Amino acid sequence: MKLYNTLTKRKDEFIPLEQGKVRMYVCGPTVYNFIHIGNARPMIVFDTVRRYFEYKGYEVNFVSNFTDVDDKIIKKAIEEGVSANEISERYIQECKKDMAGMNVKPATTHPKATEEICGMIEMIQLLIDKGVAYEKNGTVYFRTRMFKEYGKLSHKNLDDLQSGGRSLLVTGEDEKEDSLDFVLWKPKKEGEPAWESPWCEGRPGWHIECSVMSKKYLGEQIDIHAGGEDLVFPHHENEIAQSEAANGKEFARYWMHNAFLNIDNHKMSKSLGNFRTVREISEQYDLQILRFFMLSAHYRSPLNFSADLMEASKNGLERIVTAVANLKHLMGVALKEEMSEEERASLVQAGRFAEEFEAAMDDDFNTADAISSIFELVKFANTNAAAESSKAYLGELKALIVKLSDVLGLIVEKEEEMLDQDIEALIEERQAARKARDFARADEIRAELLEKGIILEDTREGVKWKRA
Ligand code: AMP
Ligand code: ZN
């Protein structure tokens, strides 16, 4: 399996640190609002990477943080007159709802920065003890030039950075020994959340959070560290400097970055007013369509969000869903149970599409080509499945489509709907229970039906029902 490594700038063969296991860290969102569809891209992409590793038999320890202390959260809290914690907790919950809608699996661990402050203070102290960090007036800085490999991820040269950095010095930062140095700990400002530390009451810098959470939940060395391409510099570059200076070993072997999502060929930003949240999209489309759309392009190519592409994704997904429903229908009416020799041979042919799917995914997670292989398989199933096919053959074809779609996190098999006659039989049983004054049973039936999306209405003309 090959994946593009930002560190080496080429597709590298994936060799895990420990056989059969993947330790993976994905930088999560800053929770001050509903997540936008740009944030959804790394979530969907790296959830798919995880699913593919699992499909290949790896055990994946997948850690993704919530950045719950940040200037934007504090600003929003002040605007609303509530605590920063209330804002971050609210949007963590909303984010989890959106993730569920997009069929993004919960991480093995979702650490929150504010719950890991002790570990951050420890790592900062270790960096001071090693001489690679220093304190000035309560602020702790990392001595960037002491980390000889600084720039290895973003392929930047320290001297070029230095000339750019001087003009970028912001007020209050002139106390730094070097314009390249970055903040590990900063003093609190009035009204901000703060923690006690050996240097001052304050809060951590953003970069140290991920170095610490990754170490705590995955160990000093991990296989894959991932996020959007805007994080390469300075966030990930600084994470490498901190972690490698503190632990004395290579931090992550593979660095993966997704390209940006644009809207109608423009960068998505609040100031342009073209900012779309996942929640807004969910009012218009099933979020499965958003997932399909995200995976229809390679994760390292910029992707443009537009109504046309969403419509195309809707049709694409529907094609797979319809094929599965059709196979299911044929299974229900099939007269033969056992597979014939020809059907067995035909399944071997169908297996080739699964091989193509894997070849695409093995080549740096080319989900666009992987979807094409599913389409080929769907076409094959549509052509070969017939009224005289055996149930076993139809079942195998269906299982293969469902399995490959599931690797991409696409749900293509609809839940069984209750048949009208079954609903009516239960309603009759409920009426009988009421007559016999067995109200417990009557309520039980109402609840059972509700769970399956059937709503009952007691009217003067009798009981009426509808699907939710
Ligand atoms: P943030 O909350 O800004 O820290 O972003 C959380 C994640 O979303 C990071 O991995 C970002 O790189 C990623 N991200 C933010 N905006 C976009 C975008 N427009 N397209 C793709 N990824 C994005
Ligand atoms: Zn991070």
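Since this is a predicted model, take the numbers as computed values, not measurements. Here, residue 1 is the first one in the sequence, and each next residue gets the next number. Numbering of ligands and ligand atoms starts at 1, following listing order.
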Participant: Which residue holds the protein heavy atom closest to atom 20 (N) of ligand 1, what is that atom called, and what is the gap in Å?
Facilitator: Leu261 N, 2.9 Å
Participant: Looking at Phe62, I'd like to know if the NZ or CZ of Lys105 sits under 6.0 Å from its six-membered ring centre while staying within 45 degrees of the ring's axis.
Facilitator: no
Participant: Taking distance alone, with N or O pairs closer than 3.5 Å, would you say Trp206 contacts ligand 1?
Facilitator: no
Participant: Atom 14 (N) of ligand 1: which of Gly228, Gly38, Ala40 has the nearest heavy atom?
Facilitator: Gly38
Participant: Below 30° counts as parallel, above 60° as perpendicular, anything between as tilted: where do the rings of Phe233 and Tyr150 land?
Facilitator: perpendicular
Participant: Check Thr30 against ligand 1 and report side chain, backbone, both or neither, counting heavy atoms closer than 4.0 Å.
Facilitator: both
Participant: For the pair Phe34 and Tyr91, name the ring-plane relationship: parallel under 30°, tilted 30 to 60°, perpendicular over 60°.
Facilitator: perpendicular
Participant: For Thr67 and Trp206: C-alpha separation, side-chain torsions, deciding distance, then whether side chain to side chain contact (heavy atoms under 4.5 Å, CB included) applies.
Facilitator: CA-CA 8 Å; Thr67 296; Trp206 170 38; 3.9 Å; yes
Participant: Just by distance, with hydrogens left out, do Gln162 and Asp178 show a side-chain donor and acceptor under 3.5 Å apart?
Facilitator: yes
Participant: Of all the N, O or S atoms in His235, which has the shortest distance to the Zn ion (ligand 2)?
Facilitator: NE2
Participant: Quick check: does His236 put an N/O/S atom under 2.8 Å from the Zn ion (ligand 2)?
Facilitator: no
Participant: I need the contact type for Lys267 against ligand 1. Using non-hydrogen atoms and a strict under-4.0 Å cut-off, is it side chain, backbone, both or neither?
Facilitator: neither
Participant: If you measure every N/O of Pro42 against every N/O of ligand 1, is any gap under 3.5 Å?
Facilitator: no
Participant: Between Asn39 and ligand 1, which part of the residue brings a heavy atom under 4.0 Å of the ligand: side chain, backbone, both or neither?
Facilitator: both
Participant: Considering only NZ, NE, NH1 and NH2 on the basic side and carboxylate oxygens on the acidic side, decide whether Glu79 and Lys75 come within less than 4.0 Å.
Facilitator: yes
Participant: Could you tell me whether the Zn ion (ligand 2) has an N, O or S atom of His207 under 2.8 Å away?
Facilitator: no
Participant: Checking contacts here: is it the side chain or the backbone of Thr67 that comes within 4.0 Å of ligand 1, counting heavy atoms only? Could be both or neither.
Facilitator: neither
Participant: Distance to the ring centre below 6.0 angstrom and angle to the axis at most 45 degrees; does that hold for Arg276 and Phe305?
Facilitator: no
Participant: Pick out which of Asp70, Asp71, Asp68 makes a salt bridge (Lys or Arg N to Asp or Glu O under 4.0 Å) with Arg203.
Facilitator: Asp71
